[in-house]
Amino acid sequence: MNMIHTLAIQFCGCSQAPHHDIRLLCTGWFPVSGERPQTAFAFNVLSHFHELILQSKTTAHDFYQTLVRQTDNAGLSKTFHGYKEFTRTVHEWQNLMCLKRGGRAHDPASIEATTPGSLAVECPACPHPGQNLPDSWDKVGIASKFLYALYLSLDTNFKLALKSRNLKDVPLTNGWLYFCKEQPFQEYVSQAGEQ
């Protein structure tokens with residue numbers, strides 16, 4: 001997990017053998033592409049990075065540069081620079097972990113049957129009647145109503161710096177998490193006009 005390795009892999013040519021990407025997945029390597037994988041990242045690297053971004057808020061660039069430095073700190077050898085491949089793979093890995101956490105992995109209807117918002121994790125601190133509120137929560141006096149109030153806030157950044165550089169950010173969970181589907185949103189915005 002601590003370095004970038006260049007390996008020559010010879011896949012079995014048997015007619016019964018699974019596809020190359022499936023064999024890599026069974027080995028614990030996540031291939032960057034499905035057709036003819038040339039690059040793969042170990043599951044433990046992807047899991048380790050995921051834990052780091054949750055706990056220490058490190059960036060993908062810093063994490064990848066750490067792998068590059070651990071491979072060749074002096075910069076004397078030709079090291080594979082797959083930062084773009086790493087970020088794309090992390091994006092796919094996080095999507096798969098989200099689907100797994102949401103119980104969509106073995107659904108007979110496949111992941112296509114995922115309903116909007118069904119992968120979102122409910123806030124445990126927010127009041128949910130029937131879950132974390134007492135039965136008589138709505139009958140309390142005016143002095144105690146604040147205990148069961150839902151407080152919402154909004155923090156926005158309208159600069160959209162990535163959008164201005166024409167980067168294509170493909171949503172893998174379009175409408176399944178906290179944001180609505182892109183097409184209905186764009187239709188609503190076009191109908192609403194300038195305000």
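Residue Thr114 comes nearest to Ser118 through the heavy atom pair CG2-OG, 3.2 Å, listed as atom of the first residue, atom of the second, then distance. Across all their heavy atoms, His128 and Cys123 have their closest contact at NE2-O, 3.1 Å. Here the shortest heavy-atom pairing between Asn132 and Cys126 reads ND2-O, 2.9 Å. When all heavy atoms of Ala40 and Trp29 are compared, the pair lying nearest together is CB-CB, 3.9 Å. Residues Ser33 and Asp21 share a closest heavy-atom pair of O-CB, 4.4 Å. Residues Thr87 and Ala60 share a closest heavy-atom pair of CG2-CB, 3.9 Å.
We find the CD-CG distance between Glu51 and Asn44 to be 12.5 Å, quoted to the nearest 0.5 Å. Atom CD1 of Ile4 sits about 12.0 Å away from atom CZ of Arg69, to the nearest 0.5 Å. Annotation: the span from Leu99 atom CG to Arg101 atom CZ amounts to 9.0 Å, rounded to 0.5 Å. Here the CZ atom belonging to Arg104 is positioned 13.0 Å from the OG1 atom belonging to Thr173, to the nearest 0.5 angstrom.
Classification of the Phe41-Tyr64 ring pair by plane angle, with boundaries at 30° and 60°, yields perpendicular. Ring-plane geometry between Phe30 and Phe43 is classed as tilted, the angle between the planes lying from 30 to 60 degrees on a 0 to 90 degree scale.
Formation of a donor-acceptor pair under 3.5 Å by the Tyr178 side chain with backbone atoms of Val121 is found in this model. Between the side chain of Thr71 and the backbone N or O of Leu67, at least one donor-acceptor pair lies under 3.5 Å. In this structure a side-chain-to-backbone donor-acceptor pair under 3.5 Å is missing from Thr58 to Leu52. Formation of a donor-acceptor pair under 3.5 Å by the Arg23 side chain with backbone atoms of Phe11 is not found in this model.
Val32 places none of its side-chain heavy atoms less than 4.5 Å from the side chain of Gln38. Looking at heavy atoms from C-beta onward, Asp138 lies out of side-chain contact with Tyr148 at the 4.5 angstrom threshold. Considering only heavy atoms from C-beta on, Leu177 comes within 4.5 Å of Cys98 through its side chain. Residues Phe63 and Tyr83 form no side-chain contact, since every pair of their non-hydrogen atoms from C-beta on lies 4.5 Å or further apart. Contact annotation: the side chain of Trp137 approaches that of Pro129 to within less than 4.5 Å [non-hydrogen atoms, C-beta and beyond]. Taking the side chain as every heavy atom from C-beta outward, His50 and Gln94 approach each other to under 4.5 Å.
Following chains of ILVMFWY side-chain contacts shorter than 4.5 Å, one can reach Val140 starting from Phe146, so the two form part of one hydrophobic cluster. Linking Ile, Leu, Val, Met, Phe, Trp and Tyr whenever their side-chain heavy atoms come within less than 4.5 Å leaves Leu96 and Leu172 in two separate clusters.
Heavy atoms of other residues, nucleotides or ligands lying less than 6.0 angstrom from CD of Gln55 number 12 at most. Atom CZ of Phe179 is surrounded by 12 or fewer heavy atoms from other residues, nucleotides or ligands within 6.0 Å. By the neighbour-count criterion of 12 heavy atoms within 6.0 Å, atom CD of Gln186 is densely surrounded, having more than that number from other residues, nucleotides or ligands. Lys181 NZ: 12 or fewer foreign heavy atoms inside a 6.0 Å radius.
Aromatic ring centroids of Phe49 and Trp93 lie 6.0 Å or more apart.
If you check the side chains of Asp62 and Thr59, you find a donor sitting under 3.5 Å from an acceptor. A donor atom on one side chain and an acceptor atom on the other are not found under 3.5 Å apart for Glu187 and Gln191.
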